[in-house]
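What follows is a short report on a single structure.
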Amino acid sequence: MTSSAESALAAFSALAIPITLAVGALAARAKRDFGVAKLATSLALVATAVAVAATALAPSSATGATSTAHALGLRIDALTLVMLTLVTSLAAFLVRFSDRYLDGDPNRPRYVRWLLGTLASVTTLVITDHLLVLALAWTTTSLCLHQLLTFYEDRPNALVAAHQKFLVSRLADVCLLGAVALVYTRVGDDRLSTLDAHVAEHGSSAGLAVGATLVALAITLKSAQLPFHGWLLKVMEAPTPVSALLHAGVVNVGGFVAIRLCAWLGATPGALGLLVAVGSVTTVVGALAMKQQATVKSTLAWSTCAQMGFMLVQCGLGAWDLALLHLVAHSLYKAHAFCSSGHAVAEVRVASLVPHAKPSLSRVLAAAVIASVGLAALAHAWVASFDTTLAPSTLALLVFVGVSLAVPLAKVPTRALPIAGAFTLLFAALYFGWHALFAHLWPGAALGGPAWSLAVVALAALALLQAVIETRTRGVLRQLAGALARLGAELDARFTTAAFALWPPRVPSTPAPDTLIQPQEVN
């Protein structure tokens, strides 16, 4: 089979994925709705495998950022194949989980239609080579997800939260369409391959710089970054698999779009600076607020805010390979975390039976130094063994990973430190291995300047404040950490008040039967 034939096979296989999911959404009207969904996701997985195999066998295979096949208006490269594998695997898992979760629910067909519709939109966004199609597919993803977030139409809190997300998403859509218009004006074509070539040859003009900044703003809006993050904390009344889909496969689409448009964004320092600034603030506030939550899902929601912020910091620093690795790892983790959240209460109860003394601040700082030095030595050995290089931004992010291990290591009893240290080095080596793979698939770039300095300061401050939270019950730094943790709620309250004043939500006039307050008997 020739290279062109294999490229065409890969393109047809990739195109078959959203078509299969869309047909499944239209066919999910009978009682065997989940049978249709399982068949559609299984066929999508097969199509993904064929696309990966056809691309790998082609002489010009998509094994790097510079090796790309274009056919049928699609873009089949390493990023496409990684994301298709991730999305279709998550789709198959969530469909089977939903079948058990919604057993006996009369609205199952409606759920399946919008679930498959959301997945079809996401896969369309992943495979397209047209900026306009990408923007429209992202909008369609949001609209389909809105139907899932309002699945329980008699719950006012769910409707209000979905309305807030709807407003933020429409604002992001306006930014995206503005960026598309600027690209058409300056380049004369909306194909991403043409845009990349234009930027590589001519650089980013003033119009394209404005467009890239609009894209960066849209990414921050749809990635639940401060102060537009509140909706992500309030949409917990949707079915659990919907929460898993949102946190594992939809909210991190912003990271994928940033990686897909890395050539354009990378040529616009203002856009990268916006990602680093917003991402750094959200990472710090989200990570601190996560420690203050009393419920499992609220903790996971704040965790997603912080993780998305950290991913945008990686993108803003040009560490596209680390951002892609982070995206995949976060998606898999959040899908498992939400679908197993029912066991979290039992795990917390068991853990509470074992006394845990707070480690001293000096012990935490010592663990941070040891972990950082160990990771630095491991990185040096890795570079020397495989004759590779690591960008300064990548090294800084890896050191932050080492510092984040300080608190868990400080809690380990002294006699168990050798074993814990050995496992830490083992997992660090595995991390370097995954990093090397993703760096081969989608190489990153180094970035200096103010954005670099801001990210370093923010991550260092976060590491210090997290250590203080774990070791101190009072003090100036502990008060500062508490104030930053409350900042997210205050910003959300202000934004929600202003947004609802312009476009108030519609909620049922009477509460649902299960929310009515029953009169108490009088003895």
Side-chain angles (χ1 to χ4, degrees), residues 101 111 114 118 141-173 220-254 278 281-283 285-309 330 334-335 337-339 341-342 344 484-509 511-512 514-515:
Y101 187 90
Y111 173 89
W114 293 115
T118 303
T141 300
S142 173
L143 295 176
C144 292
L145 182 66
H146 183 81
Q147 301 299 321
L148 294 173
L149 295 177
T150 58
F151 181 72
Y152 298 121
E153 298 176 338
D154 55 351
R155 298 185 179 182
N157 292 338
L159 299 181
V160 170
H163 179 74
Q164 184 175 352
K165 180 190 180 300
F166 184 88
L167 296 181
V168 173
S169 297
R170 301 294 75 77
L171 180 59
D173 293 338
T220 59
L221 286 167
K222 293 208 175 192
S223 299
Q225 300 296 283
L226 268 65
F228 313 104
H229 64 292
W231 61 267
L232 188 64
L233 313 176
K234 304 170 186 174
V235 292
M236 296 304 174
E237 293 197 34
T240 294
V242 174
S243 297
L245 173 66
L246 170 62
H247 288 258
V250 175
V251 74
N252 54 13
V253 169
V278 176
V281 174
T282 304
T283 301
V285 174
L288 295 176
M290 181 180 67
K291 300 288 187 180
Q292 311 293 327
Q293 304 307 307
T295 63
V296 175
K297 285 191 173 183
S298 295
T299 301
L300 291 175
W302 273 112
S303 169
T304 298
C305 285
Q307 294 288 345
M308 292 302 100
H330 177 265
K334 277 295 160 61
F338 271 96
C339 292
S341 59
L484 289 175
R486 294 188 295 270
L487 178 62
E490 295 173 1
L491 290 176
D492 172 56
R494 292 178 182 271
F495 171 76
T496 303
T497 301
F500 285 5
L502 296 176
W503 192 346
R506 295 181 180 180
V507 297
S509 56
D514 58 349
T515 62

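Excluded from the calculations below are hydrogen atoms, water molecules and symmetry mates; all remaining heavy atoms, backbone and side chain alike, are included. Every value quoted in this text rests on a predicted model; they were computed, and no experiment measured them.
Inter-residue side-chain proximity for Pro241 and Tyr111 is flagged as met; some heavy-atom pair is nearer than 4.5 Å. With contacts defined as side-chain heavy-atom distances shorter than 4.5 Å, the pair Lys165/His146 does not qualify. Two residues are said to be in side-chain contact when any heavy atoms from C-beta on lie closer than 4.5 Å; Asn252 and Met308 meet this criterion. In this structure, the side chains of Leu232 and Leu246 come closer than 4.5 Å at one or more pairs of heavy atoms. With contacts defined as side-chain heavy-atom distances shorter than 4.5 Å, the pair Ser303/Lys334 qualifies. Leu167 places a side-chain heavy atom less than 4.5 Å from the side chain of Phe500. Counting only heavy atoms from C-beta outward, the side chains of Thr141 and Lys222 never approach each other to under 4.5 Å. No side-chain heavy atom of Glu490 sits under 4.5 Å from any side-chain heavy atom of Pro227.
Taking each heavy atom of Pro239 and Phe151 in turn, the nearest pair found is CG-CD2, 3.7 Å. Of all non-hydrogen atoms in Ser243 and Val235, the two that sit nearest each other are OG-O, 4.2 Å. Leu233 and Ala301 make their closest contact through CD2-CB, 3.7 Å (heavy atoms, listed as atom of the first residue, atom of the second, distance). The shortest heavy-atom contact between Ala306 and Ala287 is CB-N, 3.6 Å. Scanning all heavy atoms of the two residues, the minimum distance from Phe338 to Thr240 falls at O-CG2, 3.2 Å. The heavy-atom pair separating Asp492 from Gly230 by the smallest distance is OD1-CA, 3.0 Å.
Here CG of Leu143 is found 11.5 Å from CG of Leu148. Values are rounded to the nearest 0.5 Å. The distance from atom CG of Asp173 to atom CZ of Phe166, rounded to the nearest 0.5 Å, is 8.5 Å. Annotation: the span from Gln164 atom CD to Ser169 atom OG amounts to 10.5 Å, rounded to 0.5 Å. To the nearest 0.5 Å, atoms NE2 (His163) and OG1 (Thr496) are separated by 10.0 Å.
Using bins of under 30°, 30° to 60° and over 60° for the plane-to-plane angle, the ring pair His229/Trp302 lands in the tilted bin. Ring pair Phe228/Phe495 is perpendicular by interplanar angle, where above 60° counts as perpendicular and below 30° as parallel.
Within the structure, salt bridge (charged side-chain N to carboxylate O under 4.0 Å, His left out) contacts touching residues 242-251 (residues at least two apart or in different chains) do not occur.
Partners of Val281 by side chain to side chain contact (heavy atoms under 4.5 Å, CB included), not counting sequence neighbours, listed by chain and number: Leu226, Val285.
The neighbour count for Arg494 CZ, taken as heavy atoms of other residues, nucleotides or ligands under 6.0 Å away, does not exceed 12.
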